[in-house]
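All values derive from a computational prediction rather than experimental measurement. By convention in this document, chain letters (A, B, ...) are assigned in the order of the sequence lines, proteins followed by strands, and residues within each chain are numbered from 1.
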Number of protein chains: 2
Amino acid sequence: MIFSNLNINKDEPIYIQIERHIKQGIKNGELKKDSKLPSTREVSKFLNISRNSVISAYEELESIGVITTKRGIGTFISIESENESYEYNVDFSKRINNYGTTLKKFDIIKSELPYKKGMISFKSISPESHLFNLDDFKRSLLDAWTYEEANLLNYGYAKGYKPLIDYFLDYMRDKRVDTNNKDILVTNGFTEAFDIVISSLTNNGDIILCEEPTHNTALKIMKAYGLKIIQVKMDKEGLDLVSLENALSKYNPKFGYLIPSYNNPTGIVTKTERRKEIYKLFRKYSVPIIEDGFNEELLYSSSPIDPIASLCGTGNGVIYIGSLSKILFPGLRIGWIFADDNLIETLESVKRGRNIHSSFLDQSAFFYYLKSGAFSRYVKNVRKYYRDKYNLVLDMVEKYIPYEYITGEGGLHVFIKLKNNINARTLLELCYKDNVLFMPGDIFYENSNDNVEFHTKTDDNKPITHRKKSLKGYDTFRIGFGRVSDEDIKKGIEIIGKNIRLLDN
Amino acid sequence: MIFSNLNINKDEPIYIQIERHIKQGIKNGELKKDSKLPSTREVSKFLNISRNSVISAYEELESIGVITTKRGIGTFISIESENESYEYNVDFSKRINNYGTTLKKFDIIKSELPYKKGMISFKSISPESHLFNLDDFKRSLLDAWTYEEANLLNYGYAKGYKPLIDYFLDYMRDKRVDTNNKDILVTNGFTEAFDIVISSLTNNGDIILCEEPTHNTALKIMKAYGLKIIQVKMDKEGLDLVSLENALSKYNPKFGYLIPSYNNPTGIVTKTERRKEIYKLFRKYSVPIIEDGFNEELLYSSSPIDPIASLCGTGNGVIYIGSLSKILFPGLRIGWIFADDNLIETLESVKRGRNIHSSFLDQSAFFYYLKSGAFSRYVKNVRKYYRDKYNLVLDMVEKYIPYEYITGEGGLHVFIKLKNNINARTLLELCYKDNVLFMPGDIFYENSNDNVEFHTKTDDNKPITHRKKSLKGYDTFRIGFGRVSDEDIKKGIEIIGKNIRLLDN
């Protein structure tokens, strides 16, 4: 009896399980073509289930032509179980182009030391999820469903969910940005926004100016498109103006990519006066700016600073990329490009050519969440929570880590440059053995050669392995604390300090 | 009084409205720096609202540094209203590269005649949304939320939602595909899946073989990446084998892109025997196949046909792209790439580099929907519904349209080649005046020159404008009927017939 080895489970409708069982029987040759199936009555009796389940299973299988019922005679398998195969193999590794190879090579999820359960990890700069106000979100999700229903399941618009676009336009106006002749394209977070801008407005070999150090994802994407990256050095107030003007005049770059509100990884906040100077220089050399609004909302104390885009008035020289996901629901991949409306019209076609549109379920739920005021409430709470953690981190660093400098005006991370040329990757290897993880700083610098490794000895002849010592930023690292408990912050930073002393003698 | 021009609405929390009002007051200069605000008591009295709303508004504004409260003295604006701007403008139209320009040029949403309210439109091949089982979906959405909660709001995995990946692997096994050494990457529908494969595995100038005609979105994407497209002609059973072998030997293509299950636009279904011959030819010339599983589930009568991927056994020569969204919830952008597991590992990094991951809310809700059996129930219902519409369309076409041939084995559309060189775009212009829309066939052909227009006269000297007559497929068009009422199908096709007679004399 074909059903003797079928165990019905409770999670799934029974008729589905019967269907699958028969299909598998055909596949593995147990049920040959034209062989007869037991009647629905027999099966229901044998498995002690309702006969209707068996009937619907048989009906379904008949409707797709797998079985045929002959009145008064019985039900028969109507397809072959055999499935000839003619293998052939392709070596795809040889076929992956430079774009694919680069994205894999610089995929830090794969190249960096992985988190293991029980470790203290300062690697992530994501927010703490137990702060999410889940009930508020669930309510917004249900609101979205109630108001939109089938609309969320039909094709949406490449540009995005209209109420959310309008919300983001208001949001820009609140930041005193002129929205005339501007428009918004909703994207799957910052990453897609940046990818769409870069892929549509640059060509292989173009030069892009950016901060040194800068967001590693942006570096990765620019490399994948074969762009030349010139990093301009920063002081604690932001881009160094002299170096910036030199670079602008020397390289005639296609764009500048800036994270003025909250540079990743340094956490440096560029204040209004410096922003104006930077903006004026880019304008002087008529180089458009791609402004990354990263973490604007997380400024703890200082009064709000208008984005560079606000300096542009009715001009279009600044392309602003916004995203709230770094402080709110990283899993909701929602960001936006704010730019010249004709440009947005083209980028809209690019978005459509890539994935038609972003999830309307996400966009709509997110809209109702923002509209309800839950976001403001949320930000208000977490600001206090993260400010306390931030101060704790500063205290611990003071206590345990001999640094050349530390930067970061709040947010969810700080950035440290070590004293005495200590190599952060060597340090990381030691800390990893002690179950402590952080993000080595070199990934935020444009480094052409990146697998250098060599060995030296300390004065008292201890061997040290230096990895990537020749790399820019080799003696820097980022500490993300958003998801680390106070206790672990204390333990973790003390361990890092201990290992620094091991290397530093 | 700054609040005299504020009208409280009911949709939004009051404190948000107060906050916004004050921010706007600052922006438009009404509230200068250091000017004093009315006390919370005064405001609540004046607006006749709870004082707590005013207090939270003031607290929020203070926490972001917009206002300062001096104990016993009052609350004051602490930022400048002025916002110097230094315009500058960039002509982005000159900066958009070939990729962006191509995607815009071939964006049919922008280039084709738009639907207007009240029209009878055969343009869409989307499913009818009143058939969606919304309650089932809502239940699945709530299941997803209940089981996953915060997980859906945290970063997910680039590869996709694990339970959904496993579901799709089972789905492939049910189609008798060998899943050893294979893996799945979840994407935002077919479009992103195809875009990721093409962008990672081809280089400018590479040659791709595909069916003639074929899916216009695929053509658009390949053009955007500068690929050479060779279309191989089809007969009613699928690709013509002689032409295929000629093309394979002559062009040494990088890939073949095939829609064997349900060619778009012709609706031709390639049966098992022909699939084997096609597959063997590609294997003979070791050209990998990208198989588009488009609408497999919508075969009405004929018994199920295994995908070409099933012929490959443990080999990796076929990359299969699946998507259920064409028959189920087009708005849920969910599709998948099934391929060699090492290849998937690279494509996973590409996906991460583009948008980190697809919506986990969509993926999870979709998984619980599929798991509940709602999908099988749905397909069972709609098959009958669409089969009836399909037969109605065939009857009407027989009655009104003089065609050279008509193709389409069910699904949601049929494809027609007109008699006597009638230009489908000229026909469309006439029908458009009668409020009837359909999709002209030339967009499914590789056509280099595409703005030809010339004029001729009919025998009795009526002038006719021929647009794109020189284009391949100029005398073909697609009729999508999924969303058209029976009555409109009758009316619409009769109108098309009437206009054909006008042109055909």
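- Note on A:L332, A:I334, A:I109: by heavy-atom pairs under 4.5 Å with chain B, the leading option is A:I109.
- For a residue to count as touching a neighbouring chain, one of its non-hydrogen atoms must lie under 4.5 Å from one of that chain's; by this rule B:N355 touches chain A with backbone and side chain alike.
- Heavy-atom pairs under 4.5 Å with chain A peak, among B:E60, B:E149, B:R283, B:H130, at B:R283.
- Residue contact with chain A, scored on non-hydrogen atoms closer than 4.5 Å, is absent for B:L347.
- At a 4.5 Å heavy-atom cutoff, the contact between B:Y155 and chain A is made by backbone and side-chain atoms alike.
- Contacts between B:K220 and chain A at a heavy-atom distance below 4.5 Å involve the side chain alone, from C-beta outward.
- Taking A:E12, A:Q24, A:R20, A:K254 one by one and counting their heavy-atom pairs under 4.5 Å with chain B, the maximum is reached by A:K254.
- For the set A:K371, A:R377, A:H357, the entry with the most heavy-atom pairs within less than 4.5 Å of chain B is A:H357.
- The candidate from A:T191, A:L103, A:L153 with the greatest count of non-hydrogen atom pairs under 4.5 Å with chain B is A:L153.
- Side chain of A:S310 to backbone of A:V177: no donor-acceptor contact under 3.5 angstrom is found.
- Ranked by heavy-atom pairs shorter than 4.5 Å toward chain B, the options A:G100, A:G156, A:S200 are led by A:S200.
- Contact count versus chain B (heavy atoms, under 4.5 Å) is highest, among A:W145, A:F132, A:F360, for A:W145.
- Looking at B:K110, its side chain does come within 3.5 Å of a backbone N or O of A:E345 through a donor-acceptor pair.
- B:R483 and A:N154 share a donor-acceptor pair across their side chains, judged by distance under 3.5 Å alone.
- Interface remark: B:D340 contributes side-chain atoms only to the contact with chain A (heavy atom separation under 4.5 Å).
- Of the possible polar contacts, one joining the B:Y88 side chain to the A:V287 backbone as a donor-acceptor pair under 3.5 Å is found.
- In this structure, the portion of B:F255 lying under 4.5 Å from any heavy atom of chain A is its side chain and not its backbone.
- We find that A:D107 and A:K104 are not joined by a salt bridge, their nearest charged nitrogen and carboxylate oxygen being 4.0 Å or further apart.
- Using modelled atom types and a 3.5 Å distance limit, the side chains of B:T314 and B:D178 yield no donor-acceptor pair.
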